[in-house]
Structure formats: C-alpha cells, structure tokens
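This report concerns only the one structure given below.
All values below were derived from every heavy atom in this structure, side-chain atoms included, with hydrogens, water molecules and symmetry-related copies excluded. Worth saying up front: this structure is predicted, and the values here are computed from it rather than measured. The sequence lines fix the lettering, A, B, ..., with proteins before strands; numbering per chain opens at 1.
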Amino acid sequence: MINMTSALLAELQQRELTFQIAGEDKLPEWLNGGSRSLYCGFDPTADSLHIGSLVPLLMLRRFQLAGHRPIALVGGATGLIGDPSFKAQERQLNTPEVVESWVEKLRGQVSRFVDFDAGAQSAVVVNNLEWTRDLDVLTFLRDIGKHFSINTMIQKESVKQRIEREGSGISFTEFTYMILQSYDFAELYKRYDCGLQLGGSDQWGNITGGIDLTRRMHGGQVYGLTMPLITKSDGSKFGKTESGTIWLDAARTSPYSFYQFWLSVADSDAYRFLRYFTFLEVADIAEIERADAERSGRPEAQRILAEEVTRLVHGDAGLAAAKRITESLFSGEPEGLSEPDLEQLMLDGLPSSLLPDRGLPETLTQLLADAGLAASGKQIKDALQRDAVIINGSALGMADNGAVSAVFAADKALYGRFYLVRLGKKKYHLFARS
RNA sequence: GGAGGGGUUCCCGAGUGGCCAAAGGGAUCAGACUGUAAAUCUGACGCGCGAGCUUCGGUGGUUCGAAUCCACCUCCCUCCA
C-alpha cells in the first residue's frame with residue numbers, strides 16, 4: 001500500500017493529471033504515511049453532472065485504489081451561492097428547493113464512481129449544508145470571516161476579471177463563495193481528518209483559501225492538488241457538441257450518444273484522453289499509440305476510449321447498448337437490419353418517435369426538425385438540397401419536401417412500420433408507425 | 001443621490017435615419033476529400049418549402065421610413081457623494 005501511494009503521484013504526473021500542487025514538497029511524505037482522507041467538491045448547478053466532472057470523479061477513485069479514503073462533497077450550501085471563479089458574469093440564484101433536489105441527484109451520480117465497501121478506505125459522501133445550515137451570521141463573520149483578508153481575496157486571479165473588467169461586476173454573495181468553500185475544507189479536516197482537496201485548475205484560489213483557513217482555525221497542515229483544464233487540440237471547448245453538453249445522466253445523454261462522443265474525438269486528443277479518462281496503464285496507452293501509428297487507416301484509440309469511458313459511466317449494459325446501435329448503423333447497410341434489430345434500437349436509446357397515422361406535417365423540413373434531427377427547417381432544407389437526407393436507403397431531394405405522405409407511405413416502411421432516417425453522416429432517427 | 005459610458009442575431013464585435021435580417025471573426029450544421037478523425041475547400045447559419053413574417057434591453061413617440069432620433073422605464077460599468 002505504501003509503495004502504491006508513492007507510485008500514485010508519479011503516475012498522475014505521467015498522465016498529466018496534476019496542474020498545481022499546494023505543499024508539493026511535503027505531500028508525497030504525507031501520502032506515504034498511511035491511508036489518508038481527501039475530498040473533492042461538486043456543486044449542484046444542474047440535475048446532473050457532465051463530463052467536465054469526470055476527471056475529478058475518476059481522481060477520487062484513483063486515490064481510493066491507491067489506498068486512500070475519498071470524500072465526495074456535494075455542495076448543497078455552495079450551490080446556493082454560486083462560484084464566481086473565472087465566470088464572466090454574476091449567476092442567477094436557484095431556489096433552495098431546486099438546489100436540494102439537484103443535490104440528491106448528484107449524490108447518486110457521484111456514488112457510482114467510488115467504492116463504499118472498502119473497509120477503512122470506504123468512500124463518504126457529504127453535503128456542506130450540514131455544517132452551514134445553522135451557522136449564524138455573527139459567528140460566521142467573527143469566527144471565519146476574521147481569518148480572511150480582503151486584500152488577499154481581491155488579488156485572486158479567479159475573481160480579478162470580475163473586479164477589474166468593465167461591463168461585469170461581482171456581488172458580495174459570490175465574493176464570499178471562497179470563504180464558504182474554505183470553511184468546508186477546515187470542517188472536513190476537523191471531522192474526517194481530511195488533508196487534501198482536489199479540484200479543477202479553476203479551483204486553485206478556493207483550495208488555497210481552505211488551506212490557509214485550516215491552518216488558522218485548527219493549526220493543521222493540509223494540501224491541495226488541481227487538475228488541468230481539459231482542452232481540445234483544435235481549441236474548441238471540450239465537452240460540448242452540436243446537441244449540447246455531454247451529461248453523465250443517461251436520461252440526458254444516452255449511452256449511445258455518450259459512446260459516439262468519445263468515438264469522434266480527434267486523433268490528436270485521443271491518447272491524452274485515454275490517460276485522463278481511463279484506468280488503462282500509461283504504458284499500455286503508449287503501446288496503443290505506437291500500434292496505431294504503424295498501421296494505416298483508422299486508429300483503435302477512439303474505440304478503446306469510447307468503450308472504457310462508457311463502461312465507467314454507464315456500465316456494461318449501457319456500453320453493450322451503445323455498441324449495438326453503433327455497429328448496426330455504421331457497419332454495413334443499416335437498411336439490412338432485421339425487425340427485432342430495429343425494435344432493439346428503440347429500446348437502446350436510438351432517437352426515435354411514433355409516426356401518427358394522420359395529421360402529418362405538410363413538409364419534411366417541419367417533420368424532421370420536430371423530430372430533432374436539426375435545429376430548424378432551414379438545416380433540413382440545406383441537407384435536402386445536398387442529398388443528405390436518406391430514408392430507408394434512398395436519398396431525398398427538395399422535390400420530396402411537400403410529399404410527406406408519399407415518402408412515408410405504408411408500402412415504403414421496413415417490415416411495414418419502420419422508417420430509418422439519416423441526416424448527414426451521423427444523425428439517425430427511427431420513425432415507427434403507430 | 002450626482003456625472004458619464006453601455007445593453008446588437010449562440011459568443012465576440014461592426015453598424016449612428018433608407019442600399020440592414022443587420023459587416024467581420026468564432027462556434028455550429030451540411031457537402032467534397034477521408035477513417036463516423038484532423039486540415040483544407042464549398043454552401044448554410046432569425047423563422048418559414050414559398051409568398052412572407054418577426055428581430056437590435058423594455059414601452060411609447062417622431063418620421064413615408066428607426067438598431068440608428070426623442071421620452072420614460074430597466075439592467076450593467078466607471079467616477080463622485
């Protein structure tokens with residue numbers, strides 16, 4: 001166990017998962033000293049986490065695998081305030097009821113990534129509302145606020161642009177966010193002997209604030225470690241696609257879509273992402289890269305990445321469903337699918353809808369836009385003009401736009417009831433007659 | 001409370017009476033090339049198949065005509081009190 005621990009930091013560095021470390025000279029020794037408790041916070045800003053939280057979640061697990069105890073903190077209190085770190089604008093407050101319901105959702109999500117049955121290293125999930133709910137203002141100001149220097153706080157990079165930049169601003173509420181998060185660290189130190197906080201690189205200011213507060217309130221030496229911002233080689237933002245954010249909740253982003261997201265990662269990002277998002281050995285990833293480079297044609301990296309991450313987030317069943325759809329649609333002729341195959345695709349989460357017998361829209365542009373294949377009829381129109389709309393194997397053109405009932409005639413349906421519509425190369429939608 | 005500056009289509013950002021559905025860039029979508037990749041090239045990019053309809057913080061005016069002018073309201077920023 002001791003050896004595993006010293007190996008851990010080295011491995012994280014190999015994976016490029018460490019960005020900044022507070023107390024770097026003493027952290028290895030501390031980790032080597034036995035099983036330690038560490039935490040990472042997740043604020044409820046929606047009813048699901050998205051893949052931006054995946055790296056920290058997996059980090060908790062990496063530490064647990066190395067013999068430490070992970071504490072996942074769900075920010076029932078901080079979520080009520082809003083973290084201003086590197087945010088361009090003041091955020092809208094959510095109601096306590098909403099935040100509370102989100103907290104419960106996140107609690108369940110977070111729990112899937114760590115082990116609660118690991119003896120002394122069993123994971124813990126806490127809510128910082130536990131120790132802030134009954135904190136009264138005067139106590140807060142006298143016992144906690146007194147330890148913070150405004151001079152230091154306004155120097156923090158994370159709020160600097162909000163303070164200096166014209167056209168924005170920061171409320172007192174958001175400004176005090178750092179104090180609340182700092183207090184979390186001090187409190188976890190007291191309650192769980194928690195000595196390390198993990199977070200994204202944007203959390204550096206909040207983490208060091210917590211380290212200072214823990215020292216001042218309890219005289220304790222604690223540490224901080226941040227992970228780099230995940231970037232894409234083309235400079236666009238990681239984790240967003242045409243259809244929006246990639247969520248961890250299967251109801252928001254289906255395992256199929258999730259799998260597809262990772263499958264379409266650029267070559268230049270794939271090996272780095274394998275190191276960030278999987279538990280594959282660094283050496284094995286290097287071997288995959290070498291093999292891909294020697295072979296011509298399509299690399300294996302994306303497939304492995306998609307499989308590993310989908311399994312981590314959606315389990316074996318989710319991965320199986322995702323692969324089933326992918327293989328059906330992208331290998332060979334999708335129109336050659338059997339009737340049970342098509343039924344299975346609907347169950348597996350391929351976007352699908354029922355086609356009413358009567359009352360169909362007059363144009364394909366409207367019907368397909370309503371089905372969610374594109375954001376507007378304009379985009380369908382563009383696709384129609386380029387022969388990019390394919391229904392049951394035949395391409396349609398603008399001439400078909402007004403002929404909805406002919407296109408969806410009963411005798412054109414697969415097995416008398418299915419229409420598989422493809423828009424462009426990757427977007428599919430299955431219509432079934434009711 | 002006072003003075004000044006600002007709020008433009010997803011984002012940044014031009015536009016100061018008609019030539020404006022609104023420059024340019026980014027993002028995004030589609031096509032070609034490919035490997036469901038990148039880069040590159042092409043087209044689209046408020047909504048509508050179309051005629052046309054609805055936009056430039058909000059409301060109401062002036063005008064043949066307003067994102068552009070006027071009044072009031074609202075939100076943000078800076079300085080002063």
Side-chain angles (χ1 to χ4, degrees), chain A residues 84 87-92 161-171 174 231-246 256-274 288-289 291-307 310 322-323 325-334 350 360-390 395-407 421-429:
Chain A
K87 299 285 188 317
Q89 289 184 331
E90 182 85 9
R91 291 201 284 172
Q92 195 67 43
Q161 67 158 325
R162 287 282 288 282
I163 288 168
E164 290 174 355
R165 188 182 156 193
E166 198 166 327
S168 61
I170 184 166
S171 68
E174 281 195 13
T231 56
K232 293 209 298 186
S233 52
D234 65 3
S236 62
K237 197 170 178 182
F238 170 76
K240 301 272 186 189
T241 66
E242 68 283 0
S243 41
T245 306
I246 305 295
Y256 161 70
S257 305
F258 189 84
Y259 180 86
Q260 285 285 323
F261 169 80
W262 295 103
L263 200 60
S264 61
V265 157
D267 291 7
S268 47
D269 292 324
Y271 307 97
R272 199 158 46 92
F273 287 1
L274 279 169
I288 294 168
E289 184 164 11
D292 278 344
E294 282 174 10
R295 204 172 340 100
S296 62
R298 189 170 188 179
E300 287 289 287
Q302 283 91 338
R303 201 204 81 238
I304 295 168
L305 177 68
E307 287 180 1
T310 306
K323 290 193 73 169
I325 300 180
T326 296
E327 278 158 23
S328 304
L329 299 181
F330 292 97
S331 61
E333 288 296 305
L350 180 74
L360 283 176
E362 290 186 9
T363 55
L364 284 173
T365 47
Q366 193 184 341
L367 177 69
L368 301 183
D370 287 351
L373 271 165
S376 72
K378 275 267 170 68
Q379 291 183 8
I380 304 284
K381 181 185 160 194
D382 180 51
L384 280 170
Q385 285 167 343
R386 289 161 172 268
D387 292 328
V389 176
I390 292 154
L396 303 180
M398 266 311 275
D400 299 302
N401 190 33
V404 175
S405 51
V407 169
V421 180
R422 192 178 104 204
L423 185 139
K425 276 182 209 157
K426 309 185 199 179
K427 285 191 243 178
Y428 284 92
H429 192 96

Would you measure the distance from the [atom1] atom in [N] across to the matching atom in [M] and give it in whole Å?
N: rA66(B); M: rG60(B); atom1: C1'; answer: 14 Å
N: rC45(B); M: rG57(B); atom1: C1'; answer: 24 Å
N: rG46(B); M: rC20(B); atom1: C1'; answer: 13 Å
N: rC76(B); M: rU28(B); atom1: C1'; answer: 29 Å
N: rU68(B); M: rG17(B); atom1: C1'; answer: 6 Å
N: rA51(B); M: rA21(B); atom1: P; answer: 14 Å
N: rU74(B); M: rG24(B); atom1: P; answer: 37 Å
N: rC11(B); M: rA27(B); atom1: C1'; answer: 7 Å

Between atom [atom1] in [X] and atom [atom2] in [N], what is the gap in whole Å?
X: Ile390(A); N: rA30(B); atom1: CD1; atom2: P; answer: 12 Å
X: Met398(A); N: rG31(B); atom1: CE; atom2: C1'; answer: 16 Å
X: Glu174(A); N: rC76(B); atom1: CD; atom2: P; answer: 13 Å
X: Gln385(A); N: rA32(B); atom1: CD; atom2: C1'; answer: 17 Å
X: Asp382(A); N: rG48(B); atom1: CG; atom2: P; answer: 13 Å
X: Arg386(A); N: rC33(B); atom1: CZ; atom2: C1'; answer: 14 Å
X: Leu368(A); N: rC29(B); atom1: CG; atom2: C1'; answer: 15 Å
X: Asp387(A); N: rG43(B); atom1: CG; atom2: C1'; answer: 14 Å

| Where protein sits on nucleotides 34-41 of chain B, one letter per nucleotide: B base, S sugar-phosphate only, - none, heavy atoms under 4.0 Å | BBBBSS--
| Testing Thr365(A), Val407(A), Leu384(A) for side chain to side chain contact (heavy atoms under 4.5 Å, CB included) with Val389(A), which one passes? |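 The passing option is Leu384(A).
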| said: Whether Lys381(A) contacts rG50(B) is assessed here as follows: a side-chain N or O lying under 4.0 Å from the phosphate OP1 or OP2. Is that the case? | reply: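 Result: yes.
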| Secondary structure of RNA chain B in dot-bracket form (Watson-Crick or G-U wobble, distances below 3.5 Å, | marking inter-strand pairs) | (((((((..(((.....[.....))).(((((.......))))).((....))...(((((..]....)))))))))))).
Can you find a heavy atom in the side chain of [X] that is under 4.5 Å from one in the side chain of [Y]?
X: Lys323(A); Y: Glu307(A); result: yes
X: Arg272(A); Y: Thr231(A); result: yes
X: Asp292(A); Y: Tyr271(A); result: yes

| said: So, taking the atom named CD in Glu300(A) and the one named CZ in Arg298(A), what distance separates them when rounded to the nearest 0.5 Å? | reply: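 Going from CD on Glu300(A) over to CZ on Arg298(A), the span is 8.5 Å.
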| CD of Gln302(A) to CG of Leu274(A): how many Å apart, nearest 0.5 Å? |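 The distance works out to 8.5 Å.
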| Among rC49(B), rG48(B), rA30(B), the nucleotide that comes nearest once only the side chain of Lys378(A) is considered |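 Between rC49(B), rG48(B), rA30(B), the one nearest the side chain of Lys378(A) would be rG48(B).
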| field | Residue pair Leu305(A) / Ala270(A): nearest heavy atoms and the distance that separates them | value |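 Scanning both residues completely, I find the closest heavy atoms to be CD2-O, 4.4 Å.
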| request: Provide the closest heavy-atom pair for Ala369(A) versus Gly377(A) in the form atom of the first, atom of the second, distance. | output: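 Ala369(A) and Gly377(A) have their closest heavy atoms at CB-N, 3.9 Å.
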| said: Heavy atoms only, 4.0 Å cut-off, all strands: where does Gly377(A) land among base, sugar-phosphate and nothing? | reply: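 The residue Gly377(A) makes sugar-phosphate contact but no base contact.
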| When we call it a touch if two heavy atoms are under 4.0 Å apart, what does Leu384(A) touch: a base, just sugar-phosphate, or nothing? |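 No contact.
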| field | Crowding at CD, Glu362(A) (>12 non-hydrogen neighbours, <6.0 Å) | value |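 No, the 6.0 Å shell around CD holds no more than 12 heavy atoms from other groups.
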| Under 3.5 Å: donor-acceptor pair, side chain of Asp400(A), backbone of Gly397(A) |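 Side chain of Asp400(A) to backbone of Gly397(A), a donor-acceptor pair under 3.5 Å: yes, one is there.
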| Do Tyr428(A) side-chain atoms and Leu329(A) backbone N/O form a donor-acceptor pair below 3.5 Å? |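 It does hold such a pair.
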| said: Which is more 5' along RNA chain B, the nucleotide nearest Ala388(A) or the one nearest Ala369(A)? Just name the residue. | reply: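 So the residue in question is Ala388(A).
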